[in-house]
Number of protein chains: 2
Amino acid sequence: MNEYYNSAYKPLLAIDCVIFGYEDGELKVLLTRRKQEPYKGAWGLATGFLHFGESLDYAAERVLKKQTGLDRIYMDQLSTYGEVDRDPVARVISLVYYSLIKVESQNEEILEKNQAQWFSITALPKLMFDHETMIQMSWGKLRRKSRYQPIGFELLPEKFTLPELQSLYEAIHQKQFDKRNFRKKILATGLLKKLDEKQKGVSKKGAYYYVFEEGKYDELISQGFNFELKSMAFGS
Amino acid sequence: MNEYYNSAYKPLLAIDCVIFGYEDGELKVLLTRRKQEPYKGAWGLATGFLHFGESLDYAAERVLKKQTGLDRIYMDQLSTYGEVDRDPVARVISLVYYSLIKVESQNEEILEKNQAQWFSITALPKLMFDHETMIQMSWGKLRRKSRYQPIGFELLPEKFTLPELQSLYEAIHQKQFDKRNFRKKILATGLLKKLDEKQKGVSKKGAYYYVFEEGKYDELISQGFNFELKSMAFGS
DNA sequence: TCAAAAGTGTTACTACTACACCCATGG
DNA sequence: CCATGGGTGTAGTAGTAACACTTTTGA
């Protein structure tokens with residue numbers, strides 16, 4: 001380590017995680033209460049500082065694991081925020097990840113321990129610092145990405161019905177889709193396998209369960225494909 | 001500043017800039033030689049550490065200005081790279097920006113002073129650290145973005161001809177487009193104003209100059225629009 | 001038997017692709 | 001006058017949007 005490196009200013013580097021879930025027909029975000037003064041108790045994203053010897057992705061996984069108890073969840077870097085006064089206490093550069101989890105696999109106890117709570121994306125509380133912006137940007141990225149990649153499935157249980165999938169997309173895009181066109185488009189990708197089992201308890205007729213076929217997806221992604229309904233376009 | 005902040009690990013934070021230009025029908029990247037040991041003289045991106053009291057965008061502008069002598073150039077954050085050993089000397093987190101400049105407005109002296117040189121994107125030299133990846137990712141983002149936003153214009157002089165614009169898009173996408181379809185699509189956006197002036201010296205007939213109408217663009221962007229040719233799709 | 005949600009096909013329209021010839025000018 | 005690159009239109013095709021009725025079954 002020489003002069004060039006030694007003389008440089010070293011900021012704090014935080015990892016903030018926008019955690020999306022889908023429940024009761026709504027797109028939700030997992031928020032938590034700040035544990036430190038000042039602003040103790042304010043709602044915000046799951047957060048943590050980068051540790052020595054950790055890669056960025058690893059740090060994000062650690063923060064996610066601590067907040068949700070879950071491993072191996074879908075996660076992607078959004079952007080890095082570094083306005084000088086974004087954190088009023090100290091200069092903190094914040095690297096934002098967004099992640100998609102299956103709410104049903106959530107552990108209630110861990111939520112309580114972390115003072116964490118799910119909020120509908122359309123009814124967020126007042127948030128600390130620039131966390132509101134981070135969430136809105138993540139939502140935008142989710143919208144755009146869901147048009148080209150079947151990431152929506154990350155938010156649903158392993159087995160899901162087409163009406164559920166459609167509601168999820170409607171929650172993400174805040175837009176209604178035509179049932180027939182949606183099914184046609186989704187099934188045309190060949191990514192879904194229909195099971196012989198019907199959902200019980202939701203409707204009288206019962207909708208067939210489907211599963212997402214990861215294998216087929218990998219084939220398609222390498223060729224490049226389009227998962228988009230034109231009608232989804234550009235609310236983004 | 002309290003214990004929570006004080007105890008945290010503080011990494012170095014570098015800003016690396018991928019600078020794109022367009023010249024002689026080729027998409028190019030501005031590279032520079034490393035000034036410090038080790039690896040002194042190795043080709044790499046324009047880089048600098050974040051300074052105390054600077055926002056990230058400001059730091060990127062500073063690095064760009066130093067490298068090119070230019071102000072107010074198109075610039076966007078790509079991503080942040082933080083593998084533990086990406087810089088073999090010290091732990092450096094690297095925030096990558098990519099930018100688009102008009103090569104003609106470049107100052108030759110500054111290039112020489114910085115030992116900087118333009119390289120065709122298809123013939124890059126061996127690069128230090130993970131800079132090759134950063135360039136490839138930036139190129140991907142440029143490809144994708146150029147399908148939805150008319151950012152290509154940032155790479156051309158104020159006045160340009162449609163054949164020039166088409167060659168630029170062909171260089172970005174490494175794909176040939178049909179002349180008629182390209183013109184139709186581009187002109188249909190209503191973003192270009194045809195001038196009464198013809199280009200001289202390139203072809204005998206001479207192609208009409210066009211200018212990009214920023215005002216109209218702002219109208220369109222707020223509604224959301226699609227700048228894409230399907231044929232551009234998914235080489236990305 | 002009826003209420004409530006699931007499932008299904010066709011037509012019109014729009015947007016993209018493919019394609020070949022004439023035009024203007026400088027040398 | 002001819003070689004070179006600039007400019008133009010149309011027909012076929014594919015994909016998207018719009019739209020309404022039948023099916024199943026639990027209460």
Side-chain angles (χ1 to χ4, degrees), chain A residues 24-25 146-148 156 159-171 173 175-190 192-211 220 223-235, chain B residues 24-25 146-148 156 159-171 173 175-190 192-211 220 223-235:
Chain A
D24 305 328
S146 72
R147 294 169 52 209
Y148 294 111
L156 291 174
K159 296 190 305 187
F160 52 87
T161 67
L162 291 183
E164 280 171 348
L165 184 64
Q166 183 174 346
S167 310
L168 167 61
Y169 272 83
E170 290 177 342
H173 293 273
K175 209 180 271 187
Q176 308 264 102
F177 301 122
D178 178 88
K179 198 171 29 163
R180 282 164 290 190
N181 294 339
F182 183 83
R183 297 171 75 98
K184 227 180 301 171
K185 182 80 198 201
I186 293 289
L187 293 175
T189 62
L192 298 192
K193 199 167 91 194
K194 188 178 183 175
L195 302 183
D196 266 339
E197 190 186 351
K198 274 189 170 184
Q199 187 185 50
K200 290 186 179 168
V202 172
S203 77
K204 291 165 186 175
K205 182 173 178 180
Y208 280 103
Y209 279 117
Y210 286 77
V211 291
L220 282 176
Q223 310 160 211
F225 76 112
N226 186 349
F227 196 66
E228 160 186 29
L229 271 76
K230 269 277 168 59
S231 51
M232 288 179 191
F234 285 100
Chain B
D24 305 328
S146 71
R147 293 169 51 207
Y148 293 110
L156 291 174
K159 296 190 305 188
F160 51 86
T161 66
L162 291 184
E164 280 171 349
L165 185 63
Q166 183 174 346
S167 310
L168 167 60
Y169 273 82
E170 291 177 344
H173 292 274
K175 210 180 267 187
Q176 309 264 102
F177 300 122
D178 178 88
K179 197 168 34 161
R180 281 164 291 190
N181 294 340
F182 183 83
R183 297 171 76 97
K184 226 179 302 171
K185 182 80 198 203
I186 294 289
L187 293 174
T189 62
L192 298 192
K193 199 168 91 194
K194 187 178 182 175
L195 302 183
D196 266 340
E197 191 187 348
K198 275 188 169 182
Q199 187 185 50
K200 291 186 178 166
V202 173
S203 77
K204 291 168 186 173
K205 182 172 178 182
Y208 280 102
Y209 279 116
Y210 286 77
V211 291
L220 283 175
Q223 310 159 212
F225 75 112
N226 186 347
F227 196 66
E228 160 185 30
L229 271 77
K230 270 275 168 61
S231 52
M232 287 179 193
F234 286 100

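The chains referred to below are lettered A, B, ... by the order of the sequence lines, with proteins before strands, and numbering in each begins at 1. Computed over heavy atoms, backbone and side chain alike; hydrogens, waters and symmetry mates excluded. Please read all numbers here as calculations on a predicted model, not as lab measurements.
- Spacing between atom CD of A/Gln166 and atom C1' of C/dG7 amounts to 12 Å, rounded to whole angstrom units.
- Rounded to a whole Å, the CZ atom of B/Phe182 is 19 Å from the C1' atom of C/dC19.
- Residue-to-nucleotide contacts include no donor-acceptor pair under 3.5 Å from the side chain of A/Arg183 to the base of C/dA6.
- Using a 4.5 Å heavy-atom threshold, the side chains of A/Phe160 and A/Leu192 count as touching.
- In this structure, OH of A/Tyr208 is placed 19 Å from P of C/dA5, rounded to the nearest angstrom.
- With hydrogens and angles ignored, a donor-acceptor pair under 3.5 angstrom links the side chain of A/Lys184 to the base of C/dT10.
- Counting non-hydrogen atoms of other residues, nucleotides and ligands closer than 6.0 Å to NZ of A/Lys198 gives a total above 12.
- Between the side chain of B/Lys204 and the base of C/dG27 there is no donor-acceptor pair of N/O atoms closer than 3.5 Å.
- One interatomic measurement links the two molecules: NZ of A/Lys194 to P of C/dA6, which rounds to 13 Å at whole-angstrom precision.
- Remark: the B/Lys205 side chain and the C/dA24 base include no donor-acceptor N/O pair separated by less than 3.5 Å.
- Aromatic ring centres of A/Phe182 and A/Tyr169 lie closer together than 6.0 Å.
- The shortest heavy-atom contact between A/Thr189 and A/Ile186 is OG1-O, 2.6 Å.
- A/Asn181 places its CG atom 11 Å from the C1' atom of C/dG9, with the value rounded to the nearest Å.
- Put simply, the side chain of B/Lys179 and the base of D/dG7 share a donor and an acceptor less than 3.5 Å apart.
- When rounded to the nearest whole Å, the span between OH of A/Tyr209 and P of C/dG7 equals 12 Å.
- If you take CZ of A/Phe177 and P of D/dA17, they are 9 Å apart, rounded to a whole angstrom.
- Between the side chain of A/Arg180 and the base of D/dA17, no donor-acceptor pair of N or O atoms lies under 3.5 Å.
- Put simply, NZ on A/Lys198 is 7 Å from P on C/dG7, counting in whole angstrom units.
- For the residue pair A/Gly206 and A/Ser203, the shortest heavy atom distance occurs at N-OG, 2.9 Å.
- Both A/Gly206 and B/Gly206 lie close to DNA chain C; mapped to their nearest nucleotides by heavy-atom distance, the more 5′-ward contact belongs to A/Gly206.
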